[in-house]
Engineer: 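Supplied in structure tokens, the structure appears directly below.
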Amino acid sequence: MVQIVVATSFDELVSVQGAWEALSKQIFPRHPFASYQWCRSWWESYRRGRDFIEDRLRVFLVQRDGEIIGIAPMMLTLRPAWGPLRMRELQFIGADTNVTEIRGPICRPGDLEAVVAALRDYLDARSSEWDWIQWRGLHDVDERSERIRSSLKLEDVSNISNYYLPLPTSWAEFHSALPRNIKESIRKCYRYLDRDHISFEFRAVSSPTEIESAVEEFLSLHQQRSKAENTVHHLNIFRTNAAKNFLRSYAGAASKVGAIFVFQIKIGGQTVAARLAIKIDDVLYLYYSGYDLNYRKYSIMTTLLTEILKWSFDNGVRIANLSTGTDVSKTRWRPEMISLLNGYQVSSTWRARILYRSMALARRWRTKLRFGSVAVNVGQIGLTYSAIPLEAI
């Protein structure tokens with residue numbers, strides 16, 4: 001028998017933290033965004049409770065014969081927080097501007113169809129309590145994906161790609177199988193430094209006593225990278241106070257169990273490149289990075305990634321997750337890829353259909369209201385579907 005238990009506060013979830021973490025490690029390829037610590041830190045940093053918008057925690061525990069087989073860490077977002085015309089969206093924790101790269105149900109891949117079916121039946125029976133559900137992170141790998149998509153009647157479907165590198169037993173074996181252009185890039189990035197008689201130190205910072213200052217250095221370098229011109233533009237993901245506070249909170253907690261690393265290239269005692277990474281057993285999730293623009297001509301980020309991969313072989317890493325998004329910095333390494341399905345399930349009520357169509361139109365038009373020099377995102381007055389700025393949708 002499958003049952004659904006709903007938690008409306010994290011205090012109710014302390015007793016299932018172990019089961020949550022065990023399930024999060026069953027996801028393939030593993031990523032940190034499904035962990036209990038990530039979701040709890042996110043909720044404490046990002047939860048909104050204002051007149052125009054309010055988030056209410058809804059964590060669904062899917063149990064079969066008393067065993068938790070799936071968790072859906074979600075929240076009911078109300079816009080505005082009151083009144084007969086408020087819009088009610090059920091979405092996964094992590095509705096931010098690219099800080100949380102993957103969201104979705106937490107379960108073993110083989111249980112995904114059963115978990116989604118149980119959630120669908122439970123929520124369909126309560127369709128008067130929500131207007132639409134934002135489904136995310138459904139593995140789009142076989143015929144089960146089409147059955148899930150059809151059973152949910154998803155609209156505005158999209159996919160994201162997650163790239164990862166299965167690592168062999170040694171750096172030499174890995175390097176020998178790389179494409180010629182990657183080998184040449186690696187050779188050049190070291191040669192450029194040698195040519196100018198520049199030596200560097202590679203560091204993997206993870207201790208609680210060092211992580212705080214390392215995160216602050218990362219934030220500074222990440223901001224610098226966002227200002228780079230004549231290259232692929234990278235957003236400053238951590239530009240808001242909420243994003244900074246979340247990262248500091250999560251890093252502090254993760255460092256206590258050795259789960260987070262700030263990889264650094266230091267030159268003359270100064271950190272000139274940094275990349276955040278989260279380690280989950282034998283998987284290393286390579287998160288955001290930053291660098292000193294003065295060292296861009298040395299391909300310093302290629303040097304840093306190469307050093308991280310070398311470190312991985314010495315530290316029991318078997319999969320290097322290159323994160324989501326399709327760009328040459330990932331695809332040139334010839335990684336494996338898994339596709340994740342996103343879409344919207346709209347309640348069958350006429351009210352929900354009208355509200356959703358309005359929201360879909362707003363997303364497509366990327367509407368902004370402008371008053372003088374101040375740009376106001378539609379989401380600030382309750383007309384968009386999530387916390388993501390419209391230009392990022």
Engineer: Within the 3.5 Å criterion, strictly below it, is a donor on Asn162 or Asn321 matched to an acceptor on the partner's side chain?
Structural biologist: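 Checked: Asn162/Asn321 side chains pair up, N/O donor to acceptor below 3.5 Å.
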Engineer: Of all residues at least two apart in sequence or in a different chain, which pass the side-chain contact (heavy atoms from CB on, under 4.5 Å) check with Gln63?
Structural biologist: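 With sequence neighbours excluded, Gln63 shows a side-chain contact (heavy atoms from CB on, under 4.5 Å) to Gln3, Val5, Ile68, given in chain and number order.
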Engineer: Without swapping roles, check the side chain of Arg126 against the backbone of Tyr122 for a donor-acceptor pair under 3.5 Å.
Structural biologist: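 Judged by distance alone, yes, a pair lies under 3.5 Å.
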Engineer: Return yes if some donor-acceptor pair links the side-chain N/O of Asp111 with the main-chain N/O of Cys107 below 3.5 Å, else return no.
Structural biologist: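 Looks like no, no N/O pair under 3.5 Å.
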Engineer: Does atom NZ (Lys183) have a neighbourhood of more than 12 heavy atoms from anything else shown, all under 6.0 Å?
Structural biologist: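 Correct, the count exceeds 12.
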Engineer: Is a side-chain N or O of Arg58 found less than 3.5 angstrom from the main chain of Met74, in a donor-acceptor match?
Structural biologist: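 No; judged by distance alone, with no hydrogens or angles, the pair does not exist.
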Engineer: Determine yes or no for a side-chain-to-main-chain donor-acceptor pair under 3.5 angstrom, with Asp131 supplying the side chain and Val346 the backbone.
Structural biologist: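 Side chain of Asp131 to backbone of Val346, a donor-acceptor pair under 3.5 Å: no, none is there.
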Engineer: Side chain of Lys188, backbone of Tyr190: donor and acceptor closer than 3.5 Å?
Structural biologist: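 Here the side-chain-to-backbone pair does not exist.
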Engineer: Please name the residue in the list Trp130, Tyr356, Trp132 that meets the ring-ring contact (aromatic ring centres under 6.0 Å, His included) test with Tyr344.
Structural biologist: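 Going through the options one by one, the only one that passes is Tyr356.
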Engineer: Does a side chain donor of either Glu210 or Ser207 reach within less than 3.5 Å of an acceptor in the other side chain?
Structural biologist: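 There is such a pair between these side chains.
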Engineer: Taking side-chain hydrogen bond (donor to acceptor under 3.5 Å, both in side chains) as the definition, give me every residue that meets it alongside Thr8, ordered by chain and number, with sequence neighbours left out.
Structural biologist: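 Residues passing side-chain hydrogen bond (donor to acceptor under 3.5 Å, both in side chains) with Thr8: Glu12.
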Engineer: I want to know whether Phe263 and Trp311 have ring centres closer than 6.0 Å.
Structural biologist: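 Ring-ring flag for Phe263/Trp311: true, centres closer than 6.0 Å.
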Engineer: Check this for me: does any side-chain nitrogen of one of Glu54 and Arg56 sit under 4.0 Å from a carboxylate oxygen of the other?
Structural biologist: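 Salt bridge present between Glu54 and Arg56.
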Engineer: Compute the ring centroids of Phe52 and Trp82, then answer whether they are less than 6.0 Å apart.
Structural biologist: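 Ring centroids of Phe52 and Trp82 are no less than 6.0 Å from each other.
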Engineer: Looking at Arg88 and Glu129, is there a salt bridge between them, counting it only when a charged N and a carboxylate O are closer than 4.0 Å?
Structural biologist: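 Between Arg88 and Glu129 there is no salt bridge, as every charged N stays at least 4.0 Å from the carboxylate O atoms.
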Engineer: Is the charged tip of Arg296 near the ring of Tyr298: under 6.0 Å from the six-membered ring centre and within 45° of its axis?
Structural biologist: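 Not flagged: Arg296 not positioned over aromatic ring of Tyr298.
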Engineer: For Ile308, is there any backbone N or O sitting under 3.5 Å from a side-chain donor or acceptor partner on Ser312?
Structural biologist: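 Confirmed, Ser312 side chain pairs with Ile308 backbone.
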Engineer: Just wondering, are more than 12 heavy atoms of other shown residues or ligands nearer than 6.0 Å to CZ in Arg332?
Structural biologist: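 Yes, enclosed.
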Engineer: Are the side chain of Lys244 and the backbone N or O of Arg239 linked by a donor-acceptor pair below 3.5 Å?
Structural biologist: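 Yes.
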Engineer: Is Ser151 reaching over with its side chain to a backbone N or O of Ile148, donor-acceptor style, under 3.5 angstrom?
Structural biologist: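 Indeed, once roles are kept as given, a pair shorter than 3.5 Å links the two residues.
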Engineer: Looking at Tyr250, Trp42, Tyr285, which hits ring-ring contact (aromatic ring centres under 6.0 Å, His included) with Phe33?
Structural biologist: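 The ring-ring contact (aromatic ring centres under 6.0 Å, His included) with Phe33 is passed solely by Tyr285 among Tyr250, Trp42, Tyr285.
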Engineer: Under 3.5 Å, is there a donor-acceptor pair linking the side chains of Asp11 and Ser9?
Structural biologist: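 There is no such pair between these side chains.
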Engineer: By side-chain hydrogen bond (donor to acceptor under 3.5 Å, both in side chains), which residues pair with Thr271, not counting sequence neighbours?
Structural biologist: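 Expected list: Glu217, Lys266.
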Engineer: Give, for atom CD1 of Ile267 and atom OG of Ser199, the distance between the pair rounded to the nearest 0.5 Å.
Structural biologist: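 Going from CD1 on Ile267 over to OG on Ser199, the span is 8.0 Å.
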Engineer: Could you please spell out the steps behind the side-chain hydrogen bond (donor to acceptor under 3.5 Å, both in side chains) verdict for Glu216 and Ser220?
Structural biologist: CA-CA 6 Å; Glu216 295 307 315; Ser220 176; over 6 Å; no
Engineer: Taking Glu173's backbone N and O only, do any of them form a donor-acceptor pair with Ser170's side chain (distance below 3.5 Å, no angle check)?
Structural biologist: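 Yes: the side chain of Ser170 pairs with the backbone of Glu173.
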Engineer: Using a cut-off of 6.0 Å, state whether more than 12 heavy atoms not belonging to Glu212 lie near its atom CD.
Structural biologist: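 Counting neighbours around CD of Glu212, 12 or fewer heavy atoms of other residues, nucleotides or ligands fall under 6.0 Å, so no.
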Engineer: Are side-chain heavy atoms of Arg48 and Met75 found at a separation under 4.5 Å?
Structural biologist: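 They are in side-chain contact.
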Engineer: Would you say the side-chain atoms of Tyr192 and Thr303 include a donor-acceptor pair closer than 3.5 Å?
Structural biologist: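 On atom types as modelled, these side chains do not qualify, holding no pair under 3.5 Å.
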Engineer: Applying the side chain to side chain donor-acceptor pair (under 3.5 Å) criterion to Thr77, which one of Gln91, Gln134, Glu89 satisfies it?
Structural biologist: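 For Thr77, the side chain to side chain donor-acceptor pair (under 3.5 Å) check succeeds only for Gln91.
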Engineer: Keeping the roles fixed (side chain from His222, backbone from Ile237), state whether a donor-acceptor pair exists under 3.5 Å.
Structural biologist: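 Checked: pair present.
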Engineer: Atom CZ of residue position Arg180 - does it have more than 12 heavy atoms of other residues, nucleotides or ligands inside 6.0 Å?
Structural biologist: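 Check fails, neighbour count at 12 or below.
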Engineer: With distance as the sole criterion, is a donor-acceptor pair present between the side chains of Asp124 and Gln345 under 3.5 Å?
Structural biologist: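 Yes, a side-chain donor-acceptor pair sits under 3.5 Å.
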